[in-house]
Amino acid sequence: MDRHGHRVSHSSFTAPDHTRLADLHRAMVIGRRFNQQASTLARQGRLAVYPSSTGQEAAQVGGVLALGDQDWLFPTYRDSVALVTHGVDPVETLTLFRGDWHSGYDPHRYRCAPQCTPLATNASHAVGLTYAARRKGRDVAALAIMGDGATSEGDAHEAYNFAAVWNTPVVFLVQNNHWAISVPLHAQTAAPTLAHKAVGYGMRGYHVDGNDAAAVYAVVSHALAEARAGGGPAIVEALTYRVDPHTNSDAPQRYRDEAEVAYWTARDPLTRMAALIRREGVLGDEEETERALAAFDAEAEKVAAAVRDRLAGEDELDPASLFGDVYAEVPPLLREERQELVDGLRET
Amino acid sequence: MDRHGHRVSHSSFTAPDHTRLADLHRAMVIGRRFNQQASTLARQGRLAVYPSSTGQEAAQVGGVLALGDQDWLFPTYRDSVALVTHGVDPVETLTLFRGDWHSGYDPHRYRCAPQCTPLATNASHAVGLTYAARRKGRDVAALAIMGDGATSEGDAHEAYNFAAVWNTPVVFLVQNNHWAISVPLHAQTAAPTLAHKAVGYGMRGYHVDGNDAAAVYAVVSHALAEARAGGGPAIVEALTYRVDPHTNSDAPQRYRDEAEVAYWTARDPLTRMAALIRREGVLGDEEETERALAAFDAEAEKVAAAVRDRLAGEDELDPASLFGDVYAEVPPLLREERQELVDGLRET
Amino acid sequence: MGAALNRALRDAAAEDPDVVVYGEDVGALGGVFRVTDGLSREFGAERVFDSPLAESGIIGTAIGMAMYGLRPVVEMQFDAFAYPAFEQVVSHLAKMRNRTRGAVALPVVVRVPYGGGIGGVEHHSDSSEAYYTHTPGLRVVTPGTPADAYSMLREAIACDDPVVFLEPKRRYWSKEAVELPVRTEPMERSVVRRAGDDATLVVYGPMVETALEAAAVAAEEGRSLEVVDLRQLSPWDDSVVTASVRRTGRAVVVHEASVFGGYGAEVAARVGERCFHYLEAPVLRVGGLDVPYPPPKMEHLHLPGVDRILAAVDRLQWESEWVADAEGPGVGG
Amino acid sequence: MGAALNRALRDAAAEDPDVVVYGEDVGALGGVFRVTDGLSREFGAERVFDSPLAESGIIGTAIGMAMYGLRPVVEMQFDAFAYPAFEQVVSHLAKMRNRTRGAVALPVVVRVPYGGGIGGVEHHSDSSEAYYTHTPGLRVVTPGTPADAYSMLREAIACDDPVVFLEPKRRYWSKEAVELPVRTEPMERSVVRRAGDDATLVVYGPMVETALEAAAVAAEEGRSLEVVDLRQLSPWDDSVVTASVRRTGRAVVVHEASVFGGYGAEVAARVGERCFHYLEAPVLRVGGLDVPYPPPKMEHLHLPGVDRILAAVDRLQWESEWVADAEGPGVGG
Ligand SMILES: Cc1ncc(C[n+]2csc(CCOP(=O)(O)OP(=O)(O)O)c2C)c(N)n1
Ligand SMILES: Cc1ncc(C[n+]2csc(CCOP(=O)(O)OP(=O)(O)O)c2C)c(N)n1
Ligand SMILES: [Mg+2]
Ligand SMILES: [Mg+2]
């Protein structure tokens, strides 16, 4: 797809069919709305912090919808849209940012690791998990997401290497949004592209327009299929842009030009996909199309409203719960501390 | 050079002249003898441990002789031959293995960092040092040596990346001796070669016959010249083989075949270079050649004898010295401990 | 305190061209806490700059720079994000001088915003001092006031030892008026922040302010607490604390870190040994719970506050009663 | 002890197909200390194998494996070579259960040969226990005898918590005759290795044997020392130690690690608090010097031996003399 949503001629990857294109757009619309809602909540102080991914919806949605039923997602703090698309309860997605607890969801339930803050550290978890699944005879692949900045960490390197040597089915989706907080890509790497890093591990590297959900979907699907078939892991670099600040407490005017933001806004993934959908009649004739698009909007509104409602109440936090899951059983030391804490709170 | 020491036709690198070839051979002869001597001392219990590099002399000598007068060497535990070639006092080279102290030499004096045991960790030191030298207006490049196994560490990755982004003149010499203790290369990487890793950092990668001292010298010289000229750092992979055990306490029969050792012994770097020297009359006519080669052997014997002699005596170790260089000044806590130790020793 | 640190960096860089400042986001952004604000503009991108995002590489390159005569001041963006550099810190930064018999000094300052109290999500509020203070060769210092922040950072940069400079991030915004530049006591010396007779509160970093509040409250209740601010945690000169406790006979050590194996254990052990015959009550420790740092909405339960400090003071056996230790006061309250 | 560990791994792997063993050189070589000798032949390269040389990656992949139901037992080749994995250990391994409210357990065993006494060159002899014991969420255990080595490793592998399993490498060759398999006390319980009345030696790992020797010598001199082997260092149940000290009234904690901020500080602080009124003398600590681990020829100066332990015992104020603390015995002797 070009930047106006025209389908470009040829590609070696299979383009998603109409149903898939619709899914992708629907998920992006919901994701965008979710990002906006969460950012608003952060501004209102109802979330401690929120790292918005507005502008990156195509990369996240395209990556996640390519996953199969048994597959796992290993997301970062930036990937709320990926989580929601993957089926994680939107409110549970926000628990971390609300500050009620760390991971708000049961990773096993959603086949989704906790949102990861220490950069690049969960990539090796994905490698280990798929190794374990293979040993248990299960056909499980994983999508491990990281940012452009995170690729500089030693942990990224080690995960790539373990995956390649063990030939585990992991696709490393690098969302290159051009910035690591305030640090631009050229201060991060001198490589021609981040996808080139794959060469040094003997794996495949793909460079894809990360604002084209169809392209991301096609490439990640292809990479996952190859990985599953024993073709080894891959790096998929999705070129995209973080339109919002790093988090609500960031000050992007200190490090980047408005012009750059404008350049990327003009390549907005939702606008482009909507244009393609309209042009190609993906959702039917004009009337059907507009109706369907409106339905997506409505659904997104519903998601946002539900999030607002469910976050409106006050949290029930149980101090004693701090001690419950440090170890499988609460050891004597923590039992004493718990007692003291509870007693202390009773006094005051 | 082929495995019989025939000069092969063409190369884009400048071949070393006769004087350089002689230097290379001489250093290899001394290095080989040094390795043998140190191994013997280890067997006799006069060294706590010794990691021999027999078989790898060409890689170390070729790399080190390519360095300029201002340049720094960042070696590992495996690189005694590199140190001795670089001019470090042979006995000071052995201090670490003798167990008298950690680094036996003053790094500033020899422009040579301490021998490094935590794998890949000194590569970033080389990057920082050359960065600092540039800031101070000095033309200093560095050769950072690491093994094939060490390339798997996150620290290798970070060092490569920092060097490439900062464009510092560091040549990373990877001595691929096919084994990381008992772990073979295929369990370490799935890359076509370790030199391919350079691609992911936007730097140059060279793959060289590490048992051909002339080739290593030519390639490292070229890479250093380019790096110095602002062309950026490079990875030079020198393909070689560790003929001896990992250290004197290793048990290589547990993990590798004698046939493999034989294969590499047949490609011995000294034999090859001697053949070339003889064939090409590098050291003059036949008589001159044999005289010169004998002189190298004699010099090597002298080095070995000096090492033996100087290590024959007992060490003077001062317990109080343990406390002297922990901080710039000895803090009260350590003054007390020193006093106690000295008093305690006096009592017994 | 942020402004004082900023000024210290600026003055140090202005005085010594060998000072370089780098890390993640310390350039144009001025650091996520703005401690390096304006420095890259003032000193140029060769001296104050953003590095690739890799903490081990940051410390490793700083070591190399220091080997060639620079005085790097590097920032670890948050406490927990210094862990990737742990090997470089423990196996190289701390040991280089010793390994080389003094030939190679490493005047590197590693700035680490540490501790909690700012509502940070996981991995943003660790108190990691005990990992560093158990590592010989490192100087570990932490200022408790803006004046100390300025003075100690200047000293740290001038110091030929590697310094882990722990900045109590919740105090970045504390606005005590100080005229800068200012020089306070040498950093290796602990100081009495408030004199008192009945018991000694031993604190550092973020807890200095809290302990002073506690002492003020106690004073109203008629109890005179001495507050000692340790400042340099390692190597530690215990003379100020032991002198104080020998006088007061009672001590409470307070820190944010989890109590078990925390720095307070060293203080309590050492005071217990050196002031044994002067102690009227066991040395008590008040600190974080022995659990992973809690989420923002529960961190107040973890962090020592005035109440918990005073509750510990109350338990210092004022009546000389015999406490049945079996059911006695626990540790970590 | 090496043979006992080997047998424990073999029995665990034989019983539970989810047990996998990997790390650097644990396959064909059987580990540099041969603790995994023969396992890859017996259980195949899919279950016992060499990994790429990257400790953070080893722990990271083990975490992922444990998330999907395996029970990985990984080896860090030497203590100091576990530092590259510090972030994975502290920020993930220790916290995953807590972060996920118990949904994700990580039954990972991290085997770490630790401590000195084998003439190893730098970075091969660190006692790194204090870094781990200050990290809530980890179980840190260390056996002092071959029987415990077997039993505790079996327990560690069966345990649903992540376990840092510290193996006193100088005891690998200790040849106490034990019939295997053997089951000893649960690992969370400290045990009295030798009963005594006059003072308590608190030890673990490599120092158990040394303390028993010291106690034997002391007995000849008419002094009855109780030796308590801690076994599980964290989370620590102090009841055995505190009961002992309440009875003996005197205690010396001994470990190889540097004294300052070492594990002994926690023991001394806790005993000082909980046994305050029972103590006849300050709790003393005997440990490594507060310097980087010395080179092989000087490590004997660093490591506590029978002499230094007995010297500390002698300083336990047997005459009830009043010790002028100012010039009194230092810490760390
Ligand atoms: C190990 C580690 N170091 C530093 C940080 C602080 N930090 C949080 S996000 C960030 C930038 C990450 O950039 P990138 O990987 O490109 O992801 P993006 O935020 O752009 O999605 C930094 C430095 C961290 N979370 N973890
Ligand atoms: C960080 C770290 N992990 C583990 C080790 C233990 N170790 C010492 S040498 C070695 C193998 C190194 O292999 P390679 O890098 O190929 O170098 P070589 O010994 O073959 O020269 C290992 C695992 C170490 N020194 N440092
Ligand atoms: Mg980014
Ligand atoms: Mg090798």
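No experiment lies behind these values; they were computed from the predicted model shown. For the numbers below, each heavy atom of this structure counts, side chains included, while hydrogens, waters and symmetry mates do not. Below, read A as the first sequence line, B as the second, and so on, with proteins coming before strands; counting in each chain starts at 1.
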Over 12 foreign heavy atoms within 6.0 Å of CD, Gln253(A): yes
Can you give me the closest heavy-atom contact between [X] and [Y], atom names plus distance?
X         : Y         : result
Ala164(A) : Ala190(B) : O-CB, 3.8 Å
Glu153(B) : Glu158(A) : C-OE2, 3.6 Å
Val199(A) : Pro192(B) : O-CD, 3.9 Å

Go through the atoms of Thr193(B) and report whether side chain, backbone, both or neither lie under 4.5 Å from a heavy atom of chain A. neither
Of the listed Ala195(A), Gly200(A), Ala198(A), Gly232(A), the one with the largest count of heavy-atom pairs under 4.5 Å with chain B is Gly200(A)
Taking Asn161(B) for its side chain and Gln188(A) for its backbone only, find out whether a donor-acceptor pair lies under 3.5 Å. yes
Looking at Asp155(A), is its backbone amide N or carbonyl O close enough to the side chain of His157(B) to form a donor-acceptor pair, meaning the two atoms are under 3.5 Å apart? no
Mind checking the OH-NZ spacing from Tyr201(A) to Lys197(B)? Nearest 0.5 Å is all I need. 5.5 Å
